[in-house]
Trainee: 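First the structure, which I've put down as structure tokens, then a few questions once you've had a look.
One-based numbering along the sequence shown.
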Amino acid sequence: MDCSPDFRTFDPQIVSTGKTGSTNMKLDAIKDLLQSVVRISDCESSLSNRRMAVLENLIKLTGAICGNWSWGYGFKEASSPMPIAIICVGMSEEQINGFTNMALAPAMDHEFRDPILQRMTGENQMSTLRQDLHDDSEWPNTFNRKQLSKIGLDEWVHCVRYSNDETWSILILYRQQGQSHFQLEDRLLVETAMHGIPWLFASESETLPRTAIPGLTARQRATLLMLLDGKSRKQIAKGFGISEDTVGDHIKHIYRHFNVGSLGELAAIFLRSR
């Protein structure tokens with residue numbers, strides 16, 4: 001098998017100047033990433049395994065402690081995106097629960113999503129470091145930082161890509177609390193991966209049409225994702241800090257929404273790629 005990297009898979013402007021405006025990308029990291037893409041394509045057939053393998057390699061190359069890839073719906077001009085699928089690597093159950101609750105908080109629109117969307121004018125992809133949105137003086141006082149500290153995480157590097165005006169994919173990597181922040185070369189590596197690896201692009205054919213998701217609240221959508229990930233009512237209740245009865249109410253609403261009577265019937269609706 002020929003494992004040599006194929007730079008034709010990637011936009012050379014990302015590696016040189018063009019879209020990133022920098023020549024600081026480490027070529028050895030690019031080479032390692034490309035070689036891993038070749039290996040993954042030969043060894044993994046499912047989108048879920050390919051995405052997880054890419055995420056694991058990016059965590060290694062950037063010195064992150066954990067990360068996740070997700071996709072969903074949400075117009076560039078609007079906040080409150082609707083996640084459809086999430087793949088986490090290196091995160092404990094406590095960290096996944098903390099991340100989910102943080103993502104549902106309205107403060108994340110103001111501190112995270114809105115500033116990124118404002119920067120995306122005319123672009124379909126945007127990558128950011130924590131310090132791009134919050135300098136060192138304001139970062140400790142942000143909602144984002146306070147919530148991450150509760151689960152032992154701190155610095156992040158992030159990239160979002162819109163396949164069209166409403167379907168997005170996101171990569172985000174975290175460092176452990178107390179570690180140094182990510183550098184420009186880390187951001188460019190994540191941006192390169194998102195730009196050039198087709199497995200990281202979500203398509204509406206993977207799961208339900210967008211019109212099936214409205215009608216569920218943000219908490220119900222999160223409950224739906226956790227159900228499809230095999231979480232029990234007790235685990236979901238613990239993760240959200242709510243009663244099992246409340247989780248049961250969410251599940252009843254979800255079943256009515258999709259006109260099903262069991263988790264098996266619900267799972268059968270979703271042609272999931274994970």
Side-chain angles (χ1 to χ4, degrees), residues 48 52 65-74 78-114 141-154 156 158 168 170 172 174 176-177 206-274:
S48 173
M52 186 171 294
I65 190 68
C66 62
N68 64 64
W69 173 91
S70 61
W71 85 274
Y73 301 111
S79 300
S80 301
M82 298 181 292
I84 303 300
I86 301 174
I87 294 175
C88 298
V89 170
M91 301 181 80
S92 67
E93 184 175 348
E94 179 185 6
Q95 288 173 326
I96 292 172
N97 291 338
F99 174 81
T100 301
N101 281 310
M102 181 178 69
L104 291 170
M108 290 299 288
D109 286 339
H110 171 71
E111 288 189 0
F112 187 75
R113 300 185 191 102
D114 291 347
N141 300 316
T142 61
F143 172 84
N144 194 340
R145 170 63 174 78
K146 291 175 181 177
Q147 296 304 302
L148 287 175
S149 67
K150 292 180 180 179
I151 52 177
L153 303 178
D154 194 347
W156 50 260
H158 161 275
W168 50 260
I170 287 176
I172 186 163
Y174 291 100
Q176 197 167 16
Q177 196 170 4
E206 291 187 41
T207 185
L208 290 178
R210 179 181 61 83
T211 52
I213 302 301
L216 298 178
T217 67
R219 187 72 70 183
Q220 289 163 355
R221 291 196 298 268
T223 299
L224 171 62
L225 288 178
M226 296 181 81
L227 280 173
L228 293 170
D229 278 338
K231 298 292 190 300
S232 67
R233 292 192 186 195
K234 183 175 182 180
Q235 289 174 312
I236 297 171
K238 180 181 177 181
F240 290 151
I242 58 180
S243 70
E244 290 186 48
D245 287 341
T246 300
V247 174
D249 290 339
H250 289 332
I251 293 174
K252 288 177 183 177
H253 185 96
I254 291 167
Y255 283 7
R256 287 197 301 268
H257 182 79
F258 293 109
N259 193 28
V260 298
S262 69
L263 179 57
E265 291 178 14
L266 180 67
I269 295 175
F270 283 75
L271 303 176
R272 298 178 66 77
S273 62
R274 303 169 53 190

Trainee: For Asn141, look at atom CG and say whether over 12 heavy atoms of other residues, nucleotides or ligands are found less than 6.0 Å away.
Mentor: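 Yes.
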
Trainee: Closest heavy-atom contact between Asp154 and Tyr174?
Mentor: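 Minimum heavy-atom separation between Asp154 and Tyr174: O-CD2, 4.4 Å.
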
Trainee: Measure across Gln235 and Ser232 and return the closest heavy-atom pair with its distance rounded to 0.1 Å.
Mentor: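 Residues Gln235 and Ser232, closest heavy atoms: OE1-N, 2.9 Å.
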
Trainee: Apply side-chain contact (heavy atoms from CB on, under 4.5 Å) to the pair Arg256 and Lys252, showing each step before the final yes or no.
Mentor: CA-CA 6 Å; Arg256 287 197 301 268; Lys252 288 177 183 177; 3.9 Å; yes

Trainee: Can you tell me how far apart CE (Met52) and CG (Asn68) are? Round to the nearest 0.5 Å.
Mentor: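 Met52 CE to Asn68 CG: 11.0 Å, rounded to 0.5 Å.
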
Trainee: Can you find a heavy atom in the side chain of Gln177 that is under 4.5 Å from one in the side chain of Arg145?
Mentor: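 Counting from C-beta outward, Gln177 and Arg145 do come under 4.5 Å.
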
Trainee: Would you check if Trp156 and Leu148 make a side-chain contact, meaning some heavy-atom pair closer than 4.5 Å?
Mentor: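 Of all side-chain heavy-atom pairs linking Leu148 with Trp156, at least one is under 4.5 Å.
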
Trainee: On a heavy-atom basis, which atom in Gly261 and which in Glu265 lie closest, and how many Å separate them?
Mentor: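 Taking every non-hydrogen atom into account, N-OE1, 2.9 Å.
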
Trainee: Please check: side-chain N/O of Glu111 versus main-chain N/O of Asn144, any donor-acceptor pairing under 3.5 Å?
Mentor: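 Yes, Glu111 side chain to Asn144 backbone: donor-acceptor pair under 3.5 Å.
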
Trainee: What do the steps show when you test Asn101 against Arg219 for side-chain contact (heavy atoms from CB on, under 4.5 Å), and what is the final call?
Mentor: CA-CA 9 Å; Asn101 281 310; Arg219 187 72 70 183; 3.0 Å; yes

Trainee: Hey, could you give me the NZ/NZ distance between Lys238 and Lys234, rounded to the nearest 0.5 Å?
Mentor: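 Interatomic distance, Lys238 NZ to Lys234 NZ, rounded to 0.5 Å: 8.0 Å.
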
Trainee: For Leu224 and Leu266, run side-chain contact (heavy atoms from CB on, under 4.5 Å): C-alpha distance rounded to whole Å, both residues' side-chain angles, the deciding distance at 0.1 Å, then the answer.
Mentor: CA-CA 9 Å; Leu224 171 62; Leu266 180 67; 3.6 Å; yes

Trainee: For the atom pair NZ (Lys150) and CE (Met102), what is the distance rounded to the nearest 0.5 Å?
Mentor: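 If I round to the nearest 0.5 Å, the distance is 11.0 Å.
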
Trainee: Measure across Ile87 and Ser48 and return the closest heavy-atom pair with its distance rounded to 0.1 Å.
Mentor: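 In this case the closest contact between Ile87 and Ser48 is CD1-O, 3.9 Å.
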
Trainee: Just verifying a value: how many Å separate Ile254 CD1 and Arg221 CZ, rounded to the nearest 0.5 Å?
Mentor: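 It is 11.0 Å, given to the nearest 0.5 Å.
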
Trainee: Can you measure from OG (Ser149) to CG (Leu153) and round to the nearest 0.5 angstrom?
Mentor: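 Separation between the atoms: 9.5 Å.
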
Trainee: Between CH2 of Trp69 and CD1 of Ile86, what distance do you get to the nearest 0.5 Å?
Mentor: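 These two atoms lie 10.0 Å from each other.
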
Trainee: Consider side-chain contact (heavy atoms from CB on, under 4.5 Å). Of Glu244, His250, Lys231, which one does Ile236 pass it with?
Mentor: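 Going through Glu244, His250, Lys231 one by one, the side-chain contact (heavy atoms from CB on, under 4.5 Å) with Ile236 is satisfied by Lys231 alone.
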
Trainee: Is there a side-chain contact (heavy atoms from CB on, under 4.5 Å) between Phe240 and Met226? Walk through the geometry before answering.
Mentor: CA-CA 11 Å; Phe240 290 151; Met226 296 181 81; 3.5 Å; yes

Trainee: Shortest non-hydrogen contact from Glu94 to Ile151?
Mentor: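 Smallest interatomic distance, heavy atoms only, reads O-CG2, 3.9 Å.
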
Trainee: Please name the pair of heavy atoms, one in Ile242 and one in Thr246, separated by the smallest distance, quoted to 0.1 Å.
Mentor: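 That closest heavy-atom pairing would be CD1-CG2, 4.0 Å.
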
Trainee: Compute the centroid of each ring, for Phe112 and then for His158, and state whether the two points are separated by less than 6.0 Å.
Mentor: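 Centroid separation for Phe112 and His158: below 6.0 Å.
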
